[in-house]
Number of protein chains: 2
Amino acid sequence: MDGAGSDITAETIAADIAFAVHEHRLAPGSKLSEDEVGHVFGVSRTVVRAALQRLAHDRLVELKRNRGAFVAQPSVTEAREVFEARALLEPRTARSAARRATPDDIGILQRHIDEEHAAVREGSAGRALYLSGRFHLEIARIADQATIAEFIGQLVSRSSLVIALYWERRGALCESHAHHALLRALAEHDGARAEELMQSHLVDLLTSLDLRNRTSAPTSLSQALKL
Amino acid sequence: MDGAGSDITAETIAADIAFAVHEHRLAPGSKLSEDEVGHVFGVSRTVVRAALQRLAHDRLVELKRNRGAFVAQPSVTEAREVFEARALLEPRTARSAARRATPDDIGILQRHIDEEHAAVREGSAGRALYLSGRFHLEIARIADQATIAEFIGQLVSRSSLVIALYWERRGALCESHAHHALLRALAEHDGARAEELMQSHLVDLLTSLDLRNRTSAPTSLSQALKL
DNA sequence: GCACTCTAAATTGTATCCAATTTTGGATTC
DNA sequence: GAATCCAAAATTGGATACAATTTAGAGTGC
C-alpha cells in the first residue's frame, strides 16, 4: 500500500487519520502518540507534529499541552453548534448546486448513493457513514464554492465525531431516502426543493442524536490506521 | 513589549502576524522568511514553522513548497467566495445576536464604533479597518455560536487581504453608518432588521471592490512587525 | 490493605544539524 | 549589450538531539 513511490507528507498523514476518524476506526478520545504515528507512517516526529497541528485546527484532534494529541470529543454544545452551522451553510449551497448540477454531477452523486447502499448491505457501517459525508461534500463541490465547501468539509468531519459520541437511532437507514430525494431535486434543478430537503435532512440528523449522554467513549489503538 | 514574562508561542506569533495583516502593515505577497520571523520573535524556526502553518490553514499565508511563506494574495474568485460565505453566515448570525444582546454587549459594540471613528479621525486607516472587522466578530460572539464565530473570524481576516488588493472607494467612510444602524437594530432586539442590515452591508462592501485589477501589490518588509 | 511519595521511564517542546532545493551573482558567449 | 550557464550563498524540508514535563511504578509508612 505504501511501498512504492508514495510520498508521505504531513498532508497525507492528516488525511489518513481523518479518514480513519470518518470511518469510526479511530474513536473519540484515542491517544495519538507522536512516536507511534511516526513509526506507523515511517516518518519523524517533525512531520507527524505538522499533521496533528493541521488536524487540531480542523477540530478533529485536540492538542493538550505537554500531554499530546487525542481524537477530539465534541461537547454537547459543540455538537449543536456544528449542526447549526451546517444548517446555515448547506441548504443554500444545495440550492446553488441544483442550479449548476450537470448530468455528470448527478451520475457521481448516484454512484455515491449506490456505494453507500452497498456498504450498508455488507455491514460496513463506517464506510457507509464516510460515503454519506462525502455526498454532502460533493454537493458543495457542485455548487462551485470552494470556500464554503471547505467549511462544510470540516463540519462534516466533526459531525462524524458527534455521531460517534451521540448517535442513538441505530440501524435506521434514515440517510438513504433523504439523499435520494435530494438527488432528484438536484437532477430536476429544483433549487427551492433542494434547499428545503437539505434543511429538513439536517434537522433529522440532529434529532437523531441523544445529546444527554455519550454512547461511545472507549479509545482504540491507532494501530487501526494502516491497511 | 516582549521583555518580561511574555511567553512567545506559535499561537502568539500567528496572532501577531495576523494582526499586522489586519492593519495592512503587511501587504499581500510579502515574504515571511523563517529565519527573519524567528529572529524578530527570538525563537527557533521550529516554532515559526508551526505559526506559518497555522496561518496557511487560515488562508492568510500561502506556503509554496521549497520557496517559503508569503502573505496570501486572494484571487478575484476567492474574493467573491469570501463575501458569499459571509453573506451566508453573518446575516442570520446578526439576527441571533439581536435576540441575545445585553446592554453590556451594546456598550462594547458602541465602544468599538467610537474607537473606529477615532482611528479614522487620526488618519490610522489600518487600525480603523481592524476595528471594523472586530465589530463583525463581536456580533458573532454575542450570538454565542463559537463554531460560526470562528468561521466568520477567518473570513473577516481574509476580507482584510481582499480589501488590501481590491478596495476602490478610498476615503468613503461607508462603514460608520452601516455599523451604527446595525447597532441600533441589535439594541432594539430587532432581529429581522439586523439581518437585513447585515445583508445589505455585506453587499455594499462587495460592490465597493474593484475586482478587475488589484490596487496594492508591492510587498513590505516584515520588520514592520514588532512594536 | 490503602494511600502517599519519590524516582525512573516515557513523551512532548524546542533547538540544532544536515541534505535538498532554490535563489543570486558573475563570468562567458553570441 | 543581452541572454545563458554555472557555482556559491541562502533558504527550506526533515531528522536528530536535548531539555522540560508528564506519566508510571515501586517502595514506604500508616
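Side chains included, hydrogens not; waters and symmetry mates left out as well; all remaining heavy atoms used. In the text below, chain A, chain B and the rest are named by the order of the sequence lines, each starting its count at 1.
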Which residues share a ring-ring contact (aromatic ring centres under 6.0 Å, His included) with His112(A), sequence neighbours left out: none

Holding to side chain to side chain donor-acceptor pair (under 3.5 Å), I want the full list of residues that pass it with Arg49(A), two or more places apart in sequence or in another chain. Glu34(A)

Determine which pairs satisfy ring-ring contact (aromatic ring centres under 6.0 Å, His included) with at least one residue from residues 58-91 of chain A, sequence neighbours left out, and list them in order. none

Pairs involving residues 61-76 of chain A, ordered by first then second residue, that meet salt bridge (Lys or Arg N to Asp or Glu O under 4.0 Å) (sequence neighbours left out): none

Counterpart residues, side chain to side chain donor-acceptor pair (under 3.5 Å), relative to Arg80(B) (two or more places apart): none

Dump the pairs, protein N or O against N or O of nucleotides 5-10 of chain C, anything under 3.5 Å, distances to one decimal.
none

For nucleotides 9-19 of chain D, read 5' to 3', which letter fits each nucleotide if B means a protein heavy atom sits under 4.0 Å from the base, S means only the sugar-phosphate is that close, and - means neither? ---BBSBBB--

Spacing of Phe41(B) atom CZ relative to dA15(C) atom P, expressed in whole Å: 14 Å

Indicate the ring-plane relationship of His179(B) and His136(B), choosing parallel, tilted or perpendicular according to the 30° and 60° boundaries. perpendicular

With sequence neighbours excluded, give me every ring-ring contact (aromatic ring centres under 6.0 Å, His included) pair touching residues 19-40 of chain A. Phe19(A)-Tyr130(A), His22(A)-Tyr130(A)

Which pairs, with at least one residue in residues 140-163 of chain A and sequence neighbours excluded, count as a ring-ring contact (aromatic ring centres under 6.0 Å, His included)? Phe151(A)-Phe151(B)

